[in-house]
Amino acid sequence: MLQVGVNGYGTIGKRVADAVRAQPDMTIAGVTKTSPDFAAEGARTAGYPLYACDEESVDEFHAAGLAVDGTVGDMVDASDVVVDATPGGVGAEYRPLYEARDTPAVFQGAEAPDVAETSFNARANFDDARDADYVRVVSCNTTGLSRLLAPLAETYGIEKVRTTLVRRGGDPTQSDRGPINDILPDPVEVPSHHGPDVQTIFPDLSIDTLGLTVPATLMHLHSVNVTLESTPDSRDVCDLLDAESRLFVVPERSGIGSCGQLREYARDAGRPRGDVWENCVWGESITVEERDFYCFQAIHQEADVVPENVDALRAMFDMADAEESVARTNAALGLERDGDARPDPRVAADD
Ligand SMILES: NC(=O)C1=CN([C@@H]2O[C@H](COP(=O)(O)OP(=O)(O)OC[C@H]3O[C@@H](n4cnc5c(N)ncnc54)[C@H](OP(=O)(O)O)[C@@H]3O)[C@@H](O)[C@H]2O)C=CC1
Ligand SMILES: O=C(OP(=O)(O)O)[C@H](O)COP(=O)(O)O
């Protein structure tokens with residue numbers, strides 16, 4: 001069993017911890033918190049060994065009646081590998097501590113790419129992380145784009161990608177973020193940072209991205225145009241995408257027309273926290289005109305990178321190949337095609 005420590009038990013860290021614990025070949029050695037709040041209590045209730053970020057906060061945890069097993073360094077000592085899910089930039093500050101203890105680590109998307117030996121997406125470049133000590137799982141938006149572009153590139157070839165990313169203003173817990181009544185070019189520079197980030201996965205890809213931020217917390221929504229190197233039929237592309245385990249091609253007959261309905265669909269299916277681990281590509285939006293492919297896809301920012309972190313661990317420790325790891329992760333999470341009885345996207349509402 002691979003012993004995994006999670007440094008930073010926030011939005012991503014707590015989900016990664018639960019996903020790791022669900023796997024047959026890895027377990028949680030511990031999680032860290034800076035403050036003894038409800039999430040720290042939740043970690044204790046979940047049965048995770050809990051560590052404070054430093055000696056000062058150990059006292060705070062004890063004063064709050066929460067037992068801790070030590071500090072971050074103690075957790076690293078108890079771990080074969082750390083998933084660092086601290087806020088952007090903090091992970092890079094921790095890398096020397098991981099190195100000093102000879103402990104590999106997985107970093108997240110807000111870290112600069114050079115925090116790690118390679119950036120990672122299970123569908124696109126699993127093998128690049130094989131035997132690496134430091135790996136960075138790309139951001140939720142970059143993960144979503146990589147999953148969509150990989151099958152298109154392999155099957156049809158890609159000449160150029162143009163994408164507008166409608167970004168959620170914050171996560172549901174982030175009441176200090178916004179906007180609350182506005183629409184922002186964000187970042188205002190063109191291209192946005194997402195294109196270069198996708199190029200950390202597909203180095204030779206020609207891609208332009210624009211970002212804007214809206215008052216929503218549910219999901220990001222991408223408007224995608226890809227100029228292909230061949231001229232497939234829209235139905236063939238729909239079938240190609242539908243065959244991908246982490247792409248949910250939303251069928252017309254499902255009546256799902258919004259991000260809110262996607263999240264409700266996940267809650268109805270009993271998904272933990274109502275998480276949507278897959279990209280959600282609206283089937284009706286999949287259109288090919290000559291060599292131009294178009295679609296809308298929604299990305300649940302709190303969830304899509306979670307299975308990717310699990311696969312990154314397997315790649316680093318050579319525990320499975322890409323196909324086997326993705327299948328194992330999906331099965332353990334309940335992200336399987338048959339398991340969630342998702343309707344066939346090719347069956348229209350009036351068929
Ligand atoms: N939220 C999102 O939409 C997505 C985020 N990511 C990436 O994941 C990473 C984490 O983001 P997210 O989970 O949203 O962030 P959160 O703010 O939700 O969680 C960060 C966690 O790190 C802890 N922390 C803060 N400072 C330290 C420190 N010095 N030492 C140890 N722990 C610390 C916090 O502890 P405490 O709570 O006690 O303060 C908190 O538990 C970022 O790189 C982000 O870009 C990737 C995809 C999507
Ligand atoms: O951490 C994230 O968003 P945030 O930095 O806006 O909180 C998500 O991964 C999205 O980031 P991105 O829009 O820079 O890809």
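Indexing begins at 1, ligand by ligand and atom by atom, following the structure's order. In what follows, every heavy atom counts, from backbone to side chain, and hydrogens, waters and symmetry copies are set aside. On a predicted model such as this, the values are computed, not experimentally measured, just so you know.
- Residue contacts with ligand 1 include Y94, since one of its heavy atoms falls under 4.0 Å from the ligand.
- Closest heavy-atom approach to atom 4 (C) of ligand 1 among the candidates T86, I12, V138, T71: I12.
- At a 4.0 Å heavy-atom cut-off, ligand 1 does not touch H300 at all.
- For the pair S35 and ligand 1, a heavy-atom separation below 4.0 Å is found.
- Between G10 and ligand 1, at least one pair of N/O atoms sits closer than 3.5 Å.
- The cationic group of R95 lies under 6.0 Å from the six-membered ring centre of Y134 and within 45° of the ring axis, placing it in a cation-pi geometry.
- Ligand 1 has no N or O atom lying under 3.5 Å from any N or O atom of S139, backbone or side chain.
- Residue T34 holds the heavy atom nearest to atom 27 (C) of ligand 1 of all those in N7, T34, V115.
- Aromatic pair F248/Y265: centroids less than 6.0 angstrom apart.
- Taking 4.0 Å as the cut-off between side-chain N and carboxylate O, R314 and D25 count as a salt-bridged pair.
- Against a heavy-atom cut-off of under 4.0 Å, Y9 is close to the following atoms of ligand 1: 41 (O).
- Atom CD of E229 sits in a crowded spot, with more than 12 heavy atoms from other residues, nucleotides or ligands closer than 6.0 Å.
- Looking at ligand 1, you won't find any N or O of D37 less than 3.5 Å from one of its N or O atoms.
- Residue contact annotation: K14 has no non-hydrogen atom under 4.0 Å from ligand 1.
- In A110, the parts holding a heavy atom less than 4.0 Å from any atom of ligand 1 are both the side chain and the backbone.
- Looking at ligand 1, you won't find any N or O of E111 less than 3.5 Å from one of its N or O atoms.
- Between the side chains of R162 and T227, a donor-acceptor pair is found at a separation under 3.5 Å.
- Remark: the backbone N or O of G8 is paired with a side-chain donor or acceptor of T32 at under 3.5 angstrom.
- Below 4.0 Å from some heavy atom of G8 lie the following atoms of ligand 1, by number and element: 21 (C), 22 (O), 23 (C), 41 (O).
- Under a 3.5 Å cut-off, the side chain of T103 and the backbone N or O of R101 do form a donor-acceptor pair.
- Taking a cutoff of 4.0 Å between a charged side-chain nitrogen and a carboxylate oxygen, R273 and D18 qualify as a salt bridge.
- Every atom of ligand 1 is numbered from 1 in the order shown, and the set under 4.0 Å from a heavy atom of A85 is 10 (C), 20 (C), 21 (C), 22 (O).
- Checking D84 against T86 by side-chain atom types alone, a donor-acceptor pair falls below 3.5 Å.
- The contact set between ligand 1 and C140, taken as ligand atoms under 4.0 Å from a residue heavy atom, comprises 47 (C), 48 (C).
- With respect to the salt-bridge test (charged N to carboxylate O, under 4.0 angstrom), the residues D311 and R123 do not qualify.
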